[in-house]
Amino acid sequence: MVIAEAAALTWTHSVSPSLHIPQSFSVRGARRFRVFCASDQSQKVPVSEIQSRAEENEMIVSITGATGFVGRRLVQKLRKDNHTVHVLTRSRSRAELIFPVKDYPGLIVAEEPKWKDCIQMSNAVVNLAGMPISTRWSSEIKKEIKDSRIRVTSKVVDYINASPEENRPTVLVSATAVGYYGTSETQVFNERSPSGNDYLAEVCREWEATALKVNKDVRVALIRIGVVLGKDGGALAKMVPLFMMFAGGPLGSGQQWFSWIHVDDLVNLIYEALINPSYKGVINGTAPNPVRLTELCRQLGDVLGRPSWLPVPDFALKVVLGEGACVVLDGQKVVPAKATELGFPFKYPYVKDALKAILL
């Protein structure tokens with residue numbers, strides 16, 4: 001159904017080669033390991049090799065949610081820069097389809113029984129896991145949306161905290177979402193803004209609080225992610241076919257704010273948070289120039305050479321998504337004050353440039 005496809009404009013979780021690596025970056029030196037992390041690619045990485053990589057300032061990063069839209073790009077970026085990646089997954093078969101051994105030689109894929117070993121062998125952990133929310137909400141679905149985030153984050157934190165001090169990761173980068181702020185057509189939200197009062201804000205508060213239970217010696221960066229734009233997933237993957245069929249347009253009033261970020265900028269932001277000790281606490285993962293949904297659709301139509309006049313009315317979305325329609329009917333204007341203060345170089349600060357880079 002067209003309306004159901006249009007509802008992909010959701011809060012989702014779902015690289016620039018010129019990213020600057022600060023001089024202050026360092027990875028904990030060689031450590032003595034007593035365990036191996038078994039790879040589902042039928043390989044093992046010798047301890048001596050891991051120690052050698054650490055000595056050469058190469059990171060060893062464990063990632064949950066690595067098979068998702070953002071996670072896949074992050075894995076590619078880390079491997080391109082010669083870092084070791086542990087894919088922490090609940091489905092070996094899915095991970096092997098996404099990361100075939102011929103294209104990802106030496107990649108370590110671990111199902112849940114091996115997560116603890118992999119985390120204890122890592123310098124850093126990235127937590128991106130969470131059930132998508134672009135669906136009709138029932139009480140059971142709402143519980144799973146929250147539990148999927150809290151459960152994985154809690155497991156990751158417990159494994160980090162249980163690590164011997166000499167084997168403990170030094171940084172945790174954990175995803176959260178701009179849903180933390182609630183919705184508004186008039187307010188501008190930055191990292192110091194208070195939390196909202198709706199269901200998604202509650203989910204984000206508990207999600208972040210769980211991540212902050214990690215050992216005090218571990219640097220924590222909480223990335224509140226907006227709507228991620230990219231070629232192979234996220235909102236655009238569902239919007240573009242509608243526009244190509246001359247059926248594209250804003251959802252609801254179109255006046256709701258759309259806080260977006262290009263997937264490459266988000267991956268670079270996560271990467272910078274891994275290597276730069278100045279990146280800690282809450283950091284908004286959004287572009288500097290949010291737009292109203294009508295403007296996004298107009299720019300998308302211009303890039304595709306298609307009209308953007310056919311709106312999807314509020315009541316139709318509510319029929320399809322029920323309470324979940326609030327994700328696309330409401331919005332928030334979120335600005336990346338912390339990233340801007342830290343001097344993060346956004347490659348795509350304007351949505352028109354981002355759409356052109358993705359689609360042309």
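Here, residue 1 is the first one in the sequence, and each next residue gets the next number. If you're wondering where the values come from, they're calculated on a predicted model, not measured in any experiment.
Checked options Lys77, Arg73, Lys347; the residue passing with Asp264 is Arg73 (criterion: side chain to side chain donor-acceptor pair (under 3.5 Å)). Between Asn161 and the options Val156, Val214, Val218, a side chain to side chain contact (heavy atoms under 4.5 Å, CB included) holds for only Val214.
For the residue pair Ser62 and Ser122, a side-chain donor N or O sits within less than 3.5 Å of a side-chain acceptor on the partner.
In this structure, Val351 and Gln299 approach most closely via the heavy-atom pair CG1-CG, 4.1 Å.
Remark: side-chain polar atoms of Asn127 are not paired, donor with acceptor, to backbone N or O of Thr64 under 3.5 angstrom. Judged by distance alone, the side chain of Thr89 and the main-chain N or O of Arg92 form no donor-acceptor pair under 3.5 Å. Under the 3.5 Å distance criterion, the side-chain polar atoms of Asp302 are left unmatched by any main-chain donor or acceptor of Lys352. Between the side chain of Arg149 and the backbone N or O of Thr176, no donor-acceptor pair lies under 3.5 Å. Although no hydrogens or angles enter the test, the distance criterion places no donor-acceptor pair under 3.5 Å between the side chain of Glu112 and the main chain of Arg90. Side chain of Thr153 to backbone of Ile150: no donor-acceptor contact under 3.5 angstrom is found. Listed for the Ser184 side chain is no donor-acceptor partner under 3.5 Å among the backbone atoms of Gln332. A side-chain donor-acceptor contact under 3.5 Å links Tyr181 to the backbone of Asn190. At least one donor-acceptor pair closer than 3.5 Å links the side chain of Asn284 to the backbone N or O of Val335. A distance-only check finds no donor-acceptor pair linking the side chain of Trp260 to the backbone of Val227 [under 3.5 Å].
Residues that satisfy the side-chain contact (heavy atoms from CB on, under 4.5 Å) test with Ala124, not counting sequence neighbours, are Val61, Val171, Leu274. Applying the side-chain contact (heavy atoms from CB on, under 4.5 Å) rule to Asp217 yields the partners Arg168, Asn215; only residues at least two apart in sequence or on another chain are considered. Residues passing the side-chain contact (heavy atoms from CB on, under 4.5 Å) test with Leu97, sequence neighbours excluded: none.
Looking at Asp147 and Arg151, no side-chain N of the basic residue comes within less than 4.0 Å of a carboxylate O on the acidic one, giving no salt bridge.
Using bins of under 30°, 30° to 60° and over 60° for the plane-to-plane angle, the ring pair Phe344/Tyr279 lands in the perpendicular bin.
Annotation: the span from Tyr271 atom OH to His83 atom NE2 amounts to 3.0 Å, rounded to 0.5 Å.
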